[in-house]
Amino acid sequence: VDSGEDLLRAITQHQILVIEGETGSGKTTQIPQYLMEDVRLHSRRNEIGCTQPRRVAAMSVAARVAEETGVKLGNEVGYSIRFEDCTSERTVLKYMTDGMLLREFLTEPDLASYSVVIIDEAHERTLHTDILFGLIKDIARFRSDLKVLVASATLDTERFSCFFDDAPVFRIPGRRFPVDIFYTKAPEADYLEACVVSVLQIHVTQAPGDCLVFLTGQEEIEACCEMLQERCRRLGSKIAELVVLPIYANLPSDMQAKIFSPTPPGARKVVVATNIAETSLTIDGIIYVIDPGFCKQKSYNARTGMESLIVTPCSRASANQRAGRAGRVAAGKCFRLYTAWAFKHEMEETTIPEIQRTNLGNVVLLLKSLGINDLIHFDFMDPPPHETLVLALEQLYALGALNHLGELTKMGRRMAELPVDPMLSKMILASEQYKCSEEVLTIAAMLSVNNSIFYRPKDKVVHADNARMNFTVPGGDHLVLLNVYNQSGFSTQWCYENFIQFRSMRRARDVRDQLEGLMERIEVEVVSSLEDSVPIRKVTGYFYHTARLSKGGYKTVKHQQTVYVHPNSSLFEEQPRWLIYHELVFTTKEFMRQVIEIDSGWLLEVAPHYYKSKELEDSSSKKMPRKQGKTKDELG
DNA sequence: GAGCACTGC
């Protein structure tokens, strides 16, 4: 940054400032250093906090700034991410994940220990960043000494400025190489085939430089890599060597690492990637980008409480981010496999912010515990759908976290301490009474590790499925997960032999350790039920998501939706009469994932306020009672 | 009988 003095002047004059700058403009590393050196802003020994959407970014930026300023990482400059606090009493500049700062509001609602808060990569609009916007705007009103910087890429800075009461926008010039963009003349019917043809054309006709292809998921990536390899084999020595490498988040780490090895002389590297290469990792040497213009996006239907993952055209902002990946080391080229007209008229300007596409159970609980009672009127930059808030409130009421006035209960206050979904925190708290907290902690940790524990490579499907069957125990999937956790011993060798994802296991262990560490604070004693699965089944998944067998499928007890047991479930063939599911996902059908068998009588024992014996009668021919429970207005 | 983009506390 050339204009450090100007920037400092602007910061002294305004409480909130929006900073617009491309990645590579040095805003993330330089600005906090200017602030640190400036005595006007730093007469008090308060911290400068700088949030990042990703853990690795927080760590690596902190390491770089520590090096540049010649201090030891963790002293004056440090970072704080889940499972890892690398700060000390001397820390002045702290890089952290946005979720971490959000959690800090629970212990320090006015962020008193900070003199400056920087929200970096604001344009990404992560769920946590969006909540921070509302909270920070609010505290800035009474903390006039707090400086707030909102740093974003070029897009949307006007909207940020507008949201923060017309805060001035300070622009920092970027340093990036130009990228030429090419469109197709007509739409492509088969974009996978078009990708393969484009890669080969680049390989044969273009100057040296590696190539990056954006696809939507594992299956597409595998298909594309196979097609490329097959055609290169057929062309044989007529063309130079092409090194084809897949990358996606679920790929085992040793295979991921291959994309970073240098391209052999005379050869060309092609990396076939998901969106992981759009923001999360950067590959050096990319000169060509091929963009078919699609991505998989999560969406959430609050009327049914169901999530789904759908292939959608990506936004113009996302397409531009992808193109930018070609211009990091030299001038590059981006080949878009859609027409210029489609780019202009058919693609959205920006991606829909996450807050509008996700379940908000834990966010609502967090805001309630910060004393924000009227969520409908909370200052969201883009408010979530009304139904999403209503469903979250309904769920929290059912779990006993809110009373009928929508106020936080003592139970809710304890639940908010745990960094997991409300259903999981409720079951952990309930496990105390049923003397099985030891097991329930493990189950909660395993359920909160979203991506699959079971590794199922295409060429070893039979082996993988056999390995998985060996973990089957009576009762349901929660107990299978508990069994896997207890057997694993966290050995890479064991995981490999049993087709278990080691990364997921390590994560489950970290989560479990963290949760166990919080048990004292919420006054839950850690005890084991010793082999008895009944108490575990009474509390796991908790009673909120129940379904009963009903001609060929299941019906949810509270909303009478037709749903099915997922074919990967250990209960797929058993089809028990009553069960509890952890989540609903819509793919080819409405599926319940992670289910456990229960006795309907338990529901009256565990949740008498929520179930009436009439709803639990077993004569399926009988007309179902009308929906009971609280209405929207009562919950407000 | 399915098929899981990416993050984060």
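Side chains are part of it too, since the values below use all heavy atoms of this structure and drop only hydrogens, waters and symmetry mates. In what follows, chains are A, B, ... by sequence order, proteins preceding strands, each numbered from 1. A quick note: this is a predicted structure, and the numbers were derived from the prediction, not measured.
- Look at CE on A:Met100: it is 11 Å from C1' on B:dG8, rounded to the nearest Å.
- Rounded to an integer number of Å, the gap from CG of A:Leu132 to P of B:dG8 is 15 Å.
- Note on ring orientation: taking the six-membered ring where Trp is involved, the planes of A:Phe343 and A:Tyr338 are parallel (angle under 30°, cut-offs 30° and 60°).
- Distances were taken from every side-chain heavy atom of A:Glu354 (C-beta onward) to each of B:dC9, B:dA2, B:dT7; the shortest belongs to B:dT7.
- When distances run from any side-chain atom of A:Ile81 to the nucleotides B:dA5, B:dC9, B:dT7, the shortest one goes to B:dC9.
- Between B:dG8 and A:Arg103, no contact under 4.0 Å exists linking OP1 or OP2 to a side-chain N or O.
- Within the 4.0 angstrom heavy-atom criterion, no nucleotide atom of any strand lies near A:Asn275.
- Counting non-hydrogen atoms under 4.0 angstrom, A:Thr274 reaches the backbone sugars and phosphates but no base.
- The nearest whole Å value for the distance from the CG atom in A:Asp510 to the C1' atom in B:dG8 is 14 Å.
- Side-chain proximity of A:Ile276 to the nucleotides B:dC9, B:dC6, B:dA2 is greatest for B:dC6.
- Nucleotide B:dG1 holds its C1' atom 13 Å from the OH atom of A:Tyr564, rounded to whole Å.
- The aromatic rings of A:Phe294 and A:Tyr191 lie parallel to each other, with less than 30° between the two planes, well short of the 60° mark.
- Taking the charged nitrogens against the carboxylate oxygens, A:Glu417 and A:Arg521 do have a contact shorter than 4.0 Å, which makes a salt bridge.
- Distance, A:Glu222 CD to B:dC4 C1': 13 Å, rounded to whole Å.
- Side-chain N/O atoms of A:Thr126 and A:Thr129 include a donor and acceptor closer than 3.5 Å.
- Residue A:Leu309 is classed as a base contact, given a heavy-atom separation below 4.0 Å to a base.
- Taking A:Arg413 as the reference, nothing meets the salt bridge (charged side-chain N to carboxylate O under 4.0 Å, His left out) condition, with sequence neighbours excluded.
- Protein atom CD of A:Gln514 is 7 Å distant from nucleotide atom C1' of B:dC9, rounded to whole Å.
- In this structure, A:Lys298 reaches the bases: a heavy-atom distance under 4.0 Å links it to at least one base atom across the strands shown.
- Among the heavy atoms of the strands, none lies under 4.0 Å from A:Leu418.
- Contacts of A:Glu124 with the nucleic acid, taken as non-hydrogen atoms under 4.0 Å apart, are absent.
- In this structure, the nucleotide among B:dA2, B:dC4, B:dG8 sitting nearest to the side chain of A:Lys296 is B:dC4.
- Across all strands, A:Arg82 comes closer than 4.0 Å to base atoms (heavy-atom distances).
- Taking 4.5 Å as the limit, some side-chain heavy atom of A:Leu479 sits within range of a side-chain heavy atom of A:Ile596.
- Rounding to whole angstrom units, CG of residue A:Leu106 and C1' of B:dC9 are separated by 10 Å.
- Using a 4.0 Å cut-off, some side-chain N or O of A:Thr97 falls inside it from OP1 or OP2 of B:dC9.
- Remark: P of B:dC9 and CZ of A:Arg512 are 20 Å apart, rounded to the nearest angstrom.
- In this structure, A:Ser280 and A:Pro419 both approach DNA chain B, and ranking their closest nucleotides by distance from the 5' end singles out A:Ser280.
- The A:Arg593 side chain lies nearest to B:dC4 when the options are B:dG1, B:dC9, B:dC4.
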